[in-house]
Student: 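The structure follows.
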Protein chains: 2
Amino acid sequence: MNKKFFSACLALALGAGASYATSVYAQAKPDVLVKQRQAVMTLQGKYFGPLAAMASGKAPYDAAVAVRNAAFLDALIKMPWDGFQPSTKDEKSRALPAVFDDAAKFKEAQERAQTAMSHLVAAKDEAAFKAAVGEVNKSCGGCHESFRAK
Amino acid sequence: MNKKFFSACLALALGAGASYATSVYAQAKPDVLVKQRQAVMTLQGKYFGPLAAMASGKAPYDAAVAVRNAAFLDALIKMPWDGFQPSTKDEKSRALPAVFDDAAKFKEAQERAQTAMSHLVAAKDEAAFKAAVGEVNKSCGGCHESFRAK
């Protein structure tokens, strides 16, 4: 592989992720970490919104959309957590100090969200889907209630 | 389910995705679409960066990170495309007019990227991994070259 070409493409491709390129274990800058975790929230909104609309009867149930979005959300729900590094404590964001001061409770909230999402992925009919969307919704809301500024 | 509570949680949870809540098929506003597709790029950077570093020898090969990031990227690579709606043409972003003016070529670039990513997911050893990272990198760079402002 042409290394110079490779590096040039890499720089072109990475944008906000570029600070990762030096080492797999290199710590991204705090503002990058915040940007990345906020990006996850943006996409969770994109894919959960239609499911919530279906579950609450505001939109007709569409099994194909339900399955696709659940799979995307199951990946997304695993992505934000490593962005909540102590280094980001003073960055401008809606994360409350409790994220860093009550790590055990924050970890519990993460696990509840991931479990709820696995139930959404496993839901095989509309009734199970609606129950799982309610559980996911509650886990989102519960975490935001304790760990995100209004 | 308590519908009022549900709606309140939903509004809390969704943020940028809220415009999706009215209907599964409701069209998000152009600025939301741009924000969502940029969020995907941010996360692709987060998860591709370490793989590129490993493939280019800047970081040691770590099979667990390779597998995890490839799975995340395989979901992410499917997410940005529906955000490139004609309604976003005049939004501030780095998308070039070619995205909208040469839809067939843009579609080809999407498919190349998704195929490359599926090879990354299928890579079972370090050699296959390196080759697939090169292919993904080329597909990212190729698309950015034609469809993204410098």
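Numbered from 1 within each chain, the chains take letters A, B, ... in sequence-line order.
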Student: If hydrophobic clusters are built by linking Ile, Leu, Val, Met, Phe, Trp and Tyr wherever their side-chain heavy atoms come under 4.5 Å apart, do B:Phe100 and B:Phe147 end up in the same one?
Tutor: yes
Student: Rounded at 0.5 Å granularity, tell me how far NZ in A:Lys46 sits from NZ in B:Lys35.
Tutor: 13.5 Å
Student: If two hydrophobic side chains count as joined below 4.5 Å and joins carry through other members, does B:Leu76 share a cluster with B:Val34?
Tutor: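 No: no chain of side-chain contacts under 4.5 Å links B:Leu76 to B:Val34.
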Student: How close do B:Leu43 and A:Gln36 get, heavy atom to heavy atom, and via which atoms?
Tutor: CD2-O, 3.5 Å
Student: Rounded to the nearest 0.5 Å, how far does OG1 of B:Thr42 lie from CZ of A:Arg37?
Tutor: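 Reported value, rounded in 0.5 Å steps: 14.0 Å.
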Student: Please tell me whether A:Val65 and A:Phe129 are part of a single hydrophobic cluster in this structure, the criterion being side-chain heavy atoms less than 4.5 Å apart.
Tutor: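 In one cluster with A:Val65: A:Phe129, yes.
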Student: Is B:Trp81 reachable from B:Val40 through a run of I, L, V, M, F, W or Y residues, each pair having side-chain heavy atoms under 4.5 Å apart?
Tutor: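 Yes, it is one cluster - the side chains of B:Val40 and B:Trp81 are joined through contacts under 4.5 Å.
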